[in-house]
S.K.: 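My structure is below; once you've seen it, I'll send some questions.
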Amino acid sequence: MSRLSVVETGTMRAAGEVLRSQIAQRIAANPIGVCAVEQQLAILQVCHAQTCGKCVPCRIGLGQLAKMLEDVLDNRATMETLQMIRFTAENIRASADCAIGFEAANMVLSGLEGFEEDYLSHVQRHRCSGSFEQPIPCVTLCPAHVDVPGYIALAGAGRADDAIRLIRKDNPFPTACALICEHPCEKRCRRRMIDDAVNIRALKRYVVDNASADSVPTPACGPSTGRRIAVVGSGPSGLTAAYFLQLMGHQCTVFEEKKHLGGMLRYGIPNYRFPRERLQQDIDAILSTGIEVRTQTRIGTEEMKRLRAEYDAIYIAIGAQTGKKLRLEGEDSGNVVSAVDMLREIGDDNYPDFTGKDIIVVGGGNVAMDCARTAVRCHAASVKVVYRRRAEDMTAQKEEIVSALSEGVEMVTLNAPVRIEADADGNACALWVQPQVIGQVKNGRPAPRNANKPEERMACDMILVAVGQDIVSAPFVDFGIPASRGRIVAEGNRSVMDGIFAGGECVLGPATVIRSIEGGKVAAANIDEYLGYQHPVTCEVDIPEPLLNDKVASGRVNLRETEACARKTNFDGVELPMTEEEALREASRCLRCDHHGCAILRGGRQELW
């Protein structure tokens with residue numbers, strides 16, 4: 001066979017690049033529950049159909065690979081079959097004349113490693129690890145299982161009030177999640193097979209901007225059951241549980257240690273990210289169901305005894321509200337402040353004055369970015385974030401890092417704190433760091449190690465420590481509630497003792513808002529069942545039918561922010577909402593997986609409760 005011409009080779013290479021991009025898009029948008037082997041076979045068959053047929057590895061080899069994958073799916077394969085798949089794919093990769101054959105074989109080899117458990121399940125147990133349904137990716141990946149396609153369709157139809165009602169069926173904090181949710185629902189959006197994920201959080205933001213949560217009435221509560229529930233903690237998990245239990249007909253009383261409700265939504269997130277008045281809209285709507293509130297009430301061992309005697313069930317949702325320590329020499333010096341403590345003071349409107357001070361923030365998560373950006377707004381002369389890994393390894397959201405940089409925050413990466421130097425008055429005056437060099441990947445991230453460099457001194461006036469949060473579980477442990485490493489140990493149904501349940505961060509550890517909401521939602525259903533009921537939570541909202549127009553590739557509408565030079569001087573909200581034109585455009589990009597190609601439907605909607 002003659003060698004391919006330069007033109008043919010270039011054409012094949014271009015086709016291979018297109019194919020590689022298509023494969024990557026399909027894998028990124030792989031629906032939850034789909035069999036990985038079946039998906040690989042489908043992609044392999046597409047590759048085989050696109051080859052020119054001029055070389056044997058592609059024309060014959062890809063077909064043989066496809067037959068062997070079919071044997072795996074039909075439970076006819078053995079371990080020798082898997083070895084033959086690997087051998088064949090390696091030979092195709094080494095001998096194919098075009099990028100299509102190379103990439104197809106490489107995809108199979110990657111799948112043998114990445115989806116090893118799926119292959120072994122078929123070969124050894126004759127069972128498919130995929131489910132018998134294709135759940136809606138965005139709904140499945142949302143911890144609270146909110147009906148995402150439904151409220152996107154309502155937003156596109158201009159029915160913001162109904163969209164909030166539908167969201168509240170599973171999440172009573174539509175405003176909070178519209179402004180600060182980390183949107184895991186977008187990770188496997190099937191729109192990525194065409195271009196990019198739908199901007200789900202921004203569309204929720206559009207909804208709550210056009211119909212404030214406190215202006216949309218909550219559903220009517222069910223008939224009173226005469227049961228009383230005590231909820232300890234008024235964060236997202238506690239208020240979520242109280243909201244759903246109240247709707248079910250149980251009278252809930254929320255006990256909060258601080259002056260205001262909201263937990264870490266109020267005491268852990270600065271106003272520029274989540275304005276207090278917007279939080280209050282969600283809280284007012286939740287309280288409109290008739291929930292009783294007792295603020296500035298600390299619950300300890302003796303109080304737990306009283307609550308157990310007076311209430312039919314107790315839900316503990318105290319959150320993670322104390323900061324972890326660095327455990328370094330000099331940490332007890334003056335002007336070394338926990339990030340959690342500082343943000344808590346700000347939650348009560350006690351803002352620090354950092355005028356002319358050099359501030360160092362230790363940490364690489366969202367709380368560290370919140371502290372750094374808050375210090376800028378409190379008129380600090382300079383703000384540095386010290387982190388022992390690389391910037392790309394930070395756990396903070398990328399947009400938070402970019403916003404901090406644009407506001408003048410300096411990222412000092414690959415430097416591990418080793419000790420804190422204090423002046424004659426006992427106040428911190430410098431942070432000593434050991435330069436790091438990045439190393440091998442451990443637990444999914446490259447691990448740093450000490451570089452062959454001397455320690456360095458970083459002068460400062462104050463150090464803010466943002467390296468994690470802890471749970472104050474001691475009073476509940478003294479009462480007899482089990483705990484491990486500070487976290488309350490709960491069963492699968494969130495039960496910790498007879499009639500006592502726990503959820504949210506006190507069980508999970510520091511978590512996102514939506515995961516805390518999910519904990520409260522699940523706990524409410526379990527407490528209801530514990531009391532002898534099975535109250536359904538429904539929402540009578542008519543969802544628009546999907547449009548049957550072609551879904552051509554189009555750009556994603558992203559939210560904008562106020563200019564950095566203007567926003568860094570105050571605590572006003574920085575994120576700008578979508579316009580109506582932008583929202584309608586973005587809503588039209590939704591593929592409506594609830595009707596096309598996903599989900600088992602019941603009554604036109606997927607069962608979420």
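Everything quoted here is computed from the prediction, not taken from an experiment. Values below: all heavy atoms of this structure, side chains included; hydrogens, waters and symmetry mates excluded.
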S.K.: Are the side chains of Leu265 and Phe173 in contact, using a 4.5 Å heavy-atom criterion?
M.R.: yes
S.K.: Charged N to carboxylate O under 4.0 angstrom, Arg589 versus Asp196?
M.R.: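 Salt bridge: no.
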S.K.: Do Glu575 and Arg205 sit within salt-bridge range, that is, some charged N less than 4.0 Å from a carboxylate O?
M.R.: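 Counted as a salt bridge, because a side-chain N and a carboxylate O are separated by less than 4.0 Å.
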S.K.: How about Ile269 and Leu179: do any of their side-chain heavy atoms sit closer than 4.5 Å?
M.R.: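 Side chain of Ile269 against side chain of Leu179, heavy atoms only: no contact under 4.5 Å found.
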S.K.: Run Glu561 and Ser403 through side-chain hydrogen bond (donor to acceptor under 3.5 Å, both in side chains) and show every step you take.
M.R.: CA-CA 9 Å; Glu561 293 184 342; Ser403 294; 3.0 Å; yes
S.K.: To check you understand the geometry: which heavy-atom pair defines the closest contact between Ala89 and Ala105, and what is its length?
M.R.: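 Shortest heavy-atom separation between Ala89 and Ala105 comes out as O-CB, 3.3 Å.
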S.K.: Should Asp147 and Lys169 count as an ion pair when the cut-off is N to O under 4.0 Å?
M.R.: no
S.K.: For a 4.5 angstrom cut-off between non-hydrogen side-chain atoms, does Val433 reach Val418?
M.R.: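 No, too far: nothing below the 4.5 Å cut-off.
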S.K.: Side chain to side chain contact (heavy atoms under 4.5 Å, CB included) with Glu582: which residues, sequence neighbours excluded?
M.R.: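 Per chain and number, Glu582 pairs via side chain to side chain contact (heavy atoms under 4.5 Å, CB included) with Val557, Arg560, Met578, Thr579.
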S.K.: Please name all residues satisfying side chain to side chain donor-acceptor pair (under 3.5 Å) with Glu186, sequence neighbours left out, ordered by chain then number.
M.R.: Arg556
S.K.: Please find the pair of heavy atoms, one from Tyr151 and one from Leu166, that lie closest to each other, and give the distance.
M.R.: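 Nearest pair, atom of Tyr151 first, then Leu166: N-CD2, 3.5 Å.
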S.K.: Working to the nearest 0.5 Å, report the span between CD of Gln436 and CG of Leu414.
M.R.: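 The CG atom of Leu414 is 7.5 Å from CD of Gln436, to the nearest 0.5 Å.
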S.K.: How would you list, by chain and number, every residue that makes a side chain to side chain contact (heavy atoms under 4.5 Å, CB included) with Gln124, sequence neighbours excluded?
M.R.: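 Per chain and number, Gln124 pairs via side chain to side chain contact (heavy atoms under 4.5 Å, CB included) with Met79, Leu120.
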S.K.: Are side-chain heavy atoms of Lys551 and Leu591 found at a separation under 4.5 Å?
M.R.: yes
S.K.: Taking only residues two or more places apart in sequence, or in another chain, which ones meet Thr88 in a side chain to side chain contact (heavy atoms under 4.5 Å, CB included)?
M.R.: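 Leu65, Met68, Met84, Ile92.
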S.K.: Between atom CD1 of Ile85 and atom CG of Leu69, what is the distance when rounded to the nearest 0.5 Å?
M.R.: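 Answer for the CD1-CG pair, Ile85 versus Leu69, is 5.0 Å.
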S.K.: Side-chain contact test, heavy atoms from C-beta onward, threshold under 4.5 Å: evaluate it for Met394 versus Arg389 and give yes or no.
M.R.: no
S.K.: For Cys177 versus Ile517, what's the shortest heavy-atom pair and its separation?
M.R.: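 Result for this residue pair: SG-CD1, 3.7 Å.
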S.K.: Got a sec, which residues hit side chain to side chain donor-acceptor pair (under 3.5 Å) with Asp528, two or more places apart in sequence or on another chain?
M.R.: His250, His535
S.K.: Among all residues two or more places apart in sequence or in another chain, which pass the side chain to side chain contact (heavy atoms under 4.5 Å, CB included) test with Leu584?
M.R.: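 For Leu584 the side chain to side chain contact (heavy atoms under 4.5 Å, CB included) partners, ignoring immediate neighbours, are Glu580.
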S.K.: State which residues pass salt bridge (Lys or Arg N to Asp or Glu O under 4.0 Å) with Asp542; sequence neighbours excluded, sorted by chain then number.
M.R.: none
S.K.: Can you name the ring-ring contact (aromatic ring centres under 6.0 Å, His included) partners of Tyr119, sequence neighbours left out?
M.R.: none
S.K.: Does some side-chain heavy atom of Cys181 sit less than 4.5 Å from a side-chain heavy atom of Thr512?
M.R.: no
S.K.: Is there a donor-acceptor pair closer than 3.5 Å between any side-chain N or O of Gln434 and the backbone N or O of Ala451?
M.R.: yes
S.K.: Please list, chain by chain and in numerical order, all residues satisfying side chain to side chain donor-acceptor pair (under 3.5 Å) with Glu90, sequence neighbours excluded.
M.R.: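 Partners of Glu90 by the side chain to side chain donor-acceptor pair (under 3.5 Å) criterion come out as none, since no residue qualifies.
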S.K.: Hey, are the side chains of Leu73 and Leu41 touching, using non-hydrogen atoms and a 4.5 Å cut-off?
M.R.: yes
S.K.: Which pairs with one or both residues in residues 392-404 pass salt bridge (charged side-chain N to carboxylate O under 4.0 Å, His left out), sequence neighbours excluded?
M.R.: Arg273-Glu400, Arg373-Glu400, Arg390-Glu392, Arg390-Asp393
S.K.: Kindly state each residue pair satisfying ring-ring contact (aromatic ring centres under 6.0 Å, His included) with at least one member in residues 36-79, sequence neighbours excluded.
M.R.: none
S.K.: Return the CZ to CD1 distance between Arg168 and Ile164, rounded to the nearest 0.5 Å.
M.R.: 6.0 Å
S.K.: What I'd like to find out is whether the side chain of Arg191 reaches to under 4.5 Å of the side chain of Ile194, using heavy atoms alone.
M.R.: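 With C-beta onward as the side chain, the pair touches.
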S.K.: Which residue pairs pass the salt bridge (charged side-chain N to carboxylate O under 4.0 Å, His left out) test when at least one of the two sits in residues 509-520, sequence neighbours left out?
M.R.: Arg494-Glu518
